[in-house]
Amino acid sequence: MTLKRLILIFILTPIAVLLAISQLFASWQEPQFQSRLELYQTNIALQAQAWQSEDSSDRNLQTIREAILGDQPLESATKQYQEARQSVQANLDKVNSKLAQLGSQSEITPSPPKPLPDVPPTTKTSKQGKQQLQKSLKQLQKLLAELDLRLGILQAQQGQTDTALKTWSELQQRSDINPEFGETAAVLSGMWNNPPRLLQNAQERIQKNLEGWFRSTTLVKLYQLQQRQDALSAVKATQQETAAQAVLKLALIGTIPTLAALIGLILLILLFAQRLLKGKASLLAQNADIPWSTPWDGETILQVFVVGFFFMGQIFVPLALSLIPIPRPVADVRFQAFYVLVSYLLVASGALLVLYFSLKPFFALPEFWFRFRFQDKWFLWGLGGYCAALPIVVVVSLINQQLWQGQGGSNPLLQLALESQDGIALGIFFSTAAIAAPFFEEILFRGFLLPSLTRYLPVWGSILISSLLFAIAHLSLSEILPLTALGIVLGVVYTRSRNLLAPMLLHSLWNSGTLLSLFVLGSN
């Protein structure tokens, strides 16, 4: 055994595996992005339910509104906010517990702490750890106060005035929050009290600490109590305009994926029926059992993924970028987007270079390796695969949510894209997620890994293993099942079409749809 092989197999590979496992474990108790996304959807739904049609020509929009929101939008929103509050409170308790532990420890912590939701990992000294945890503590306290303000408004709007007053009263009694939230709670309590008590700074506090449906609903209540008809008419007009836009947003992010998923479900039924009737002559059986001719062995596979993918992405590129003298954390969203794109391109370039030099001794490659054919039916395979993937991944995601209960971490790029309403930043995020990622990841996972595995496994086994590794590579436990399901569809599309353009299109459509939904939700 050569020295190179010894280092690769017995040193670099175990290091990569241990680091990957540690990062997956670190995501164990981190909140899923899905839980935050649900609150954004809830806020838009609240705005949409306030819409009232005054013109018979708007009946179609009214029908769409009722179909999307259901019969009890306020009750559904209340449930979502109560669940969010419970999650934040649990995280807050864990942070307080960790602070108590650090307070009783010596200056040097003997072992790494357990990961905490939304809390950066503590560093070596308890002082630095306390600073990080205290920062997270303030963020969680602020979020909990905001949730209580909104939850009370939801309760009051459903006639549960006593419950709302209790929610706001408990908020005012807390000493760990910014006084502004306590003052806002006092404003809301006074407005819904019997008889009402209007504070002088009521409008200022509402406009500063509430937003969206919560702000407009509270301002309507305030102006009614103050008998300010002009201000009341203006806020109601704005509320209706925003509500109509919210209905259209919900229709956009709900109708298109639903139709695509319905088409995908029909397509899956037809494909499986064809498979049963025609057997090996069906589309699903096309190339299903034909492996690639692979001239290299497992050592080359390890070299590409351990050195080219993992070490390049987790050590070399991050270390090189850390040497650049830029302020951290980066506040400007355009710079954040550009930084993400540059980081990704450097990782992709490095990994592809390792791939090239690893395979160079085997040139010219056998038939079907890294095949790009524009004259083929790749577009139909890619589009059909996208539609078919939707119902599969949705079902798997629903099961996954029950398993992880909102924990398990998520891709941080999703939160950046959701909160960014800058056109240039969103364009850069799109370039990263919908162009660079499909090109690089499909070359690596479908173009190289899947065919390479057919040297040792049947095609179906290669699809399954490459899909699992594709999911694990994203380093979030909560994403493993959904991304494995997506990877299987990508693998089936590639093995049947034998054209990398097909899974690249599917991957690009998937990421583009996600970004579009995030942009629409974030525009609230």
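For the numbers below, each heavy atom of this structure counts, side chains included, while hydrogens, waters and symmetry mates do not.
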Salt bridge (charged side-chain N to carboxylate O under 4.0 Å, His left out) evaluation trace for R174 with D148: CA-CA 12 Å; R174 285 166 46 193; D148 281 340; 3.2 Å; yes

Between V393 and W510, does the side chain to side chain contact (heavy atoms under 4.5 Å, CB included) criterion hold? Intermediate values first, please. CA-CA 11 Å; V393 178; W510 188 272; 3.5 Å; yes

As a quick check of understanding, evaluate side chain to side chain donor-acceptor pair (under 3.5 Å) for R85 and Q80, giving each step before the final call. CA-CA 9 Å; R85 191 193 185 284; Q80 288 286 347; over 6 Å; no

Show the numbers, then the answer: is there a side chain to side chain contact (heavy atoms under 4.5 Å, CB included) between L505 and L501? CA-CA 6 Å; L505 174 62; L501 290 173; over 6 Å; no

Could you please spell out the steps behind the salt bridge (charged side-chain N to carboxylate O under 4.0 Å, His left out) verdict for E211 and R215? CA-CA 5 Å; E211 58 185 20; R215 178 192 291 173; 5.6 Å; no

Mind running salt bridge (charged side-chain N to carboxylate O under 4.0 Å, His left out) on K142 and E146 for me, showing each step along the way? CA-CA 6 Å; K142 179 177 181 291; E146 291 174 344; 2.6 Å; yes

Which is it for Q314 and Q23 under the side chain to side chain donor-acceptor pair (under 3.5 Å) test, yes or no, and what are the steps along the way? CA-CA 10 Å; Q314 300 299 316; Q23 291 195 47; 2.9 Å; yes

Audit row: K208, Q203, side chain to side chain contact (heavy atoms under 4.5 Å, CB included) steps and yes/no: CA-CA 9 Å; K208 185 174 182 179; Q203 181 174 315; over 6 Å; no

Using the side chain to side chain contact (heavy atoms under 4.5 Å, CB included) rule, take N511 and L515 through it: C-alpha gap first, then chi angles, then the decisive distance, then the call. CA-CA 6 Å; N511 287 357; L515 285 178; 5.5 Å; no

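Interatomic distance, E183 CD to L199 CG, rounded to the nearest 0.5 Å: 9.5 Å. Of the inter-residue distances, the one linking I21 atom CD1 with I472 atom CD1 reads 9.0 Å to the nearest 0.5 angstrom. In this structure, the separation between OG1 on T432 and CZ on F440 is 13.0 Å, given to the nearest 0.5 Å. The distance from atom OG of S343 to atom CG of L321, rounded to the nearest 0.5 Å, is 4.5 Å. Note that CG of L267 is 11.0 Å distant from CG of L262, once rounded to the nearest 0.5 Å. Taking OG1 of T161 as the reference point, atom CG of N194 lies at 8.5 Å (rounded to 0.5 Å).
Among the candidates L210, V235, L232, the single residue satisfying the side-chain contact (heavy atoms from CB on, under 4.5 Å) test with L219 is V235.
Nearest heavy atoms, I263 versus C387: CG2-SG, 4.3 Å. Closest approach of L345 and A436 over heavy atoms only: CD2-CB, 4.2 Å. The minimum heavy-atom distance linking M504 with F439 is given by the pair CE-O, 3.5 Å. Of all heavy-atom pairs spanning G264 and P391, the tightest one is C-CG, 4.2 Å. Summarising the geometry of L222 relative to A202, their closest heavy-atom pair is CD1-CB, 4.0 Å, with the distance given to 0.1 Å. Considering all non-hydrogen atoms of both residues, P196 and M191 come closest at CB-O, 3.9 Å.
Y81 and F214 have perpendicular rings, their planes meeting at more than 60° on a 0 to 90° scale where under 30° would count as parallel. Ring orientation note: the planes of F338 and F335 are tilted relative to one another, at an angle of 30° to 60°.
Between the side chains of Q157 and T217, no donor N or O sits under 3.5 Å from an acceptor N or O. No side-chain donor from either of Q245 and Q47 sits under 3.5 Å from a side-chain acceptor of the other. Residues H474 and E479 have side chains that never bring a donor and an acceptor to within less than 3.5 angstrom of each other. Side-chain polar atoms of Y223 and Q229 form no donor-acceptor pair below 3.5 angstrom. In the model, T184 has no side-chain atom that pairs as donor or acceptor with a side-chain atom of E180 under 3.5 Å. Of the N and O atoms on the side chains of R205 and Q200, not one donor lies less than 3.5 Å from an acceptor on the other residue. Donor-acceptor pairing under 3.5 Å is lacking for the side chains of T78 and Q155.
You'll find the side chain of Q160 stays beyond 4.5 Å of the side chain of L154, heavy atoms only. Side-chain contact check for L39 versus L147: some heavy-atom pair is nearer than 4.5 Å. Using a 4.5 Å cut-off on side-chain heavy atoms (C-beta onward), L468 and I480 make contact. When side chains are defined from C-beta on, L140 does not count as touching L144, because their heavy atoms never get closer than 4.5 Å. Side-chain contact check for P482 versus L486: every heavy-atom pair is 4.5 Å or farther apart. Residues V340 and Q336 are not in side-chain contact: their nearest non-hydrogen atoms beyond the backbone lie 4.5 Å or more apart. Side-chain contact between S467 and L490 is absent, with no heavy atoms from C-beta onward closer than 4.5 Å. With a 4.5 Å cut-off on side-chain heavy atoms, W168 and F181 do not count as touching.
E170 places no side-chain N or O within donor-acceptor distance of the main-chain N or O of T167, the cut-off being under 3.5 Å. Remark: side-chain polar atoms of T255 are not paired, donor with acceptor, to backbone N or O of L252 under 3.5 angstrom. Although no hydrogens or angles enter the test, the distance criterion places no donor-acceptor pair under 3.5 Å between the side chain of S169 and the main chain of K166. Between the side chain of N400 and the backbone N or O of V396, no donor-acceptor pair lies under 3.5 Å.
The aromatic ring centroids of F445 and Y494 lie 6.0 Å or more from each other.
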